[in-house]
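To start, the structure under review is shown below, and the notes come after it.
Chain A is the first sequence line, chain B the second, and so forth, proteins listed ahead of strands; every chain is numbered from 1. These figures come from a predicted structure and were not determined experimentally.
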There are 2 protein chains.
Amino acid sequence: MTKKKNNYHHGELRAQLLEAVRYLIEEKGPDGFSVAEACRMAGVSTAAPYKHFKDREEILHAVILEAMHRMGAAMQAAADAYPAGDPERIVALGRAYIDFAKSEPGVFAVMFGSGNNHAEIPALAEEGQAKFAIVVKVVAEHMNRCMEDDEVTARAYALWCAVHGHCFLVLDGKADKTKINITEDAYLRLVGSSYLPPK
Amino acid sequence: MTKKKNNYHHGELRAQLLEAVRYLIEEKGPDGFSVAEACRMAGVSTAAPYKHFKDREEILHAVILEAMHRMGAAMQAAADAYPAGDPERIVALGRAYIDFAKSEPGVFAVMFGSGNNHAEIPALAEEGQAKFAIVVKVVAEHMNRCMEDDEVTARAYALWCAVHGHCFLVLDGKADKTKINITEDAYLRLVGSSYLPPK
DNA sequence: TAACATATGTTAGCGATGTTAACTTAGGCA
DNA sequence: TGCCTAAGTTAACATCGCTAACATATGTTA
């Protein structure tokens, strides 16, 4: 992991710093990471990162962006595992989201936690919208309506809220991990089944 | 605000520190607060807080605990504004939660954000459970079942997830504040109407 | 009232952190 | 070959959290 060439020039410092930061975030919690420690892990002086990143913040953003990619891919794959229109797609989407949060709780917290206003960072905003679009699409199929339908976005958003809220409540110990869970029924109830008369 | 007696002994440092911290959290974001700055605001040396709190963390916990009380009271009041069984109670509960988050976004983020595992701090865990109990009770009334019913807690939890998720997504700019919102229909759909055959 | 114990301040200082400035080295290109 | 630039280094600064040692009010008790 801490592969170290003897060269003065490290060669892949940027990538290794990101890896170190991701590791530290998982290990010591979202706030427990320091640039200095990441430097030590990469075997480099504490000033080195500033050749690659402007800020501590910019390092975090890079970590987040990469994680957003992975998460989006996981969600897409989960949905694609079922045929279009299958209600199971919705459940799979939620499961993928939650699985990601559970497998990388620290990174998840950094991604969606406070202090990184996605709206102010174009790359993050874009990536976030792309992920939401996946949800909207699946919901639209399920409801048999088009993606632009207001009711579709509203329900997709409600679904996202529920899943997202669950992740945060569990990860931070606000809800008892073992006893409580969001049921998959809830997703479907939220989205509303197209089988029921749509009012 | 920065009332300053000439006395050597400040007299109400503890309270003023908490107030300063709350102010700083709102002003500079959840992570942007430093004990040192709060000290400056209270007109006191940077070592003074440690006569009242063990840690920076303990200061935060005090802020959180106080905020939890206020939030719980607001929720209770909101529900009580409607007669038992009125579906509007559920909506009011959600609205109170969201209103709190909007009025004190920084504090809200600290309360529920990562890094404070409520499960590990008895006082916080207790306060959190009390708030959840309010939701469960209202949902139970609405469904015409008892609070211990698993289905009741499951639906109450799903409701909490949705509202909580919405707050986080909006506050941190993950969702477009102006365009998107969770509809109040969604709450009711989530909880499930007791008017429908309960399966 | 005098003496003391305690609570609550202060100053000084440590080690860690984020960041910058000035210097050094290696690698690629004219 | 010689030089430009990218990517490291060391040294230094301000800030921060926190501790230790000291100082001063306050209230209790003789």
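Not a single donor-acceptor pair under 3.5 Å links the side chain of Glu104(A) to the backbone N or O of Glu26(A).
Between the NZ atom of Lys54(A) and the C1' atom of dT20(C) there is a distance of 14 Å, given to the nearest Å. The CG-C1' distance, from Asp31(B) to dG17(D), rounds to 15 Å in whole Å. Taking atom OH on Tyr50(A) and atom C1' on dT9(D), their separation rounds to 15 Å, with Å as the unit. We find that CG of Leu24(B) is positioned 11 Å from P of dG17(D), with the value rounded to whole Å. We find that CD of Glu57(A) is positioned 14 Å from C1' of dT19(C), with the value rounded to whole Å. Arg14(B) has its CZ atom 14 Å from the C1' atom of dA7(C), to the nearest Å. Atom NZ of Lys51(B) is separated from atom P of dC22(D) by 13 Å (rounded to the nearest Å). Look at CD on Gln16(B): it is 14 Å from C1' on dG9(C), rounded to the nearest Å.
Taking every side-chain heavy atom of Asp55(A) into account, dT19(C) is the closest of dT9(D), dT19(C), dT10(C). For Ala47(B), taking side-chain heavy atoms from C-beta onward, the closest of the listed nucleotides dT11(C), dA21(C), dG9(C) is dT11(C).
Within a 6.0 Å radius of NZ in Lys131(A), more than 12 heavy atoms belonging to other residues, nucleotides or ligands are found. The number of heavy-atom neighbours closer than 6.0 Å to CD of Glu58(B), taken from other residues, nucleotides and ligands shown, is above 12.
Using the six-membered ring where Trp is involved, Phe108(A) and Phe112(A) have ring planes that are tilted, between 30° and 60° apart.
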Contacts under 3.5 Å, N or O only, protein and nucleotides 13-16 of chain D:
| unit_1 | atom_1 | unit_2 | atom_2 | d |
| --- | --- | --- | --- | --- |
| dC16(D) | OP1 | Ser34(B) | OG | 3.3 |
| dC16(D) | OP2 | Arg40(B) | NH2 | 2.5 |

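Smallest separation of non-hydrogen atoms from Pro30(A) and Phe33(A): O-CD2, 4.2 Å.
Remark: Arg70(B) engages Glu66(B) in a salt bridge, criterion side-chain N to carboxylate O under 4.0 Å.
Under the 4.5 Å side-chain contact rule for hydrophobic residues, Ile64(B) and Phe53(B) share a cluster.
Contact check, His52(B) against dA7(C): no side-chain N or O comes under 4.0 Å of OP1 or OP2.
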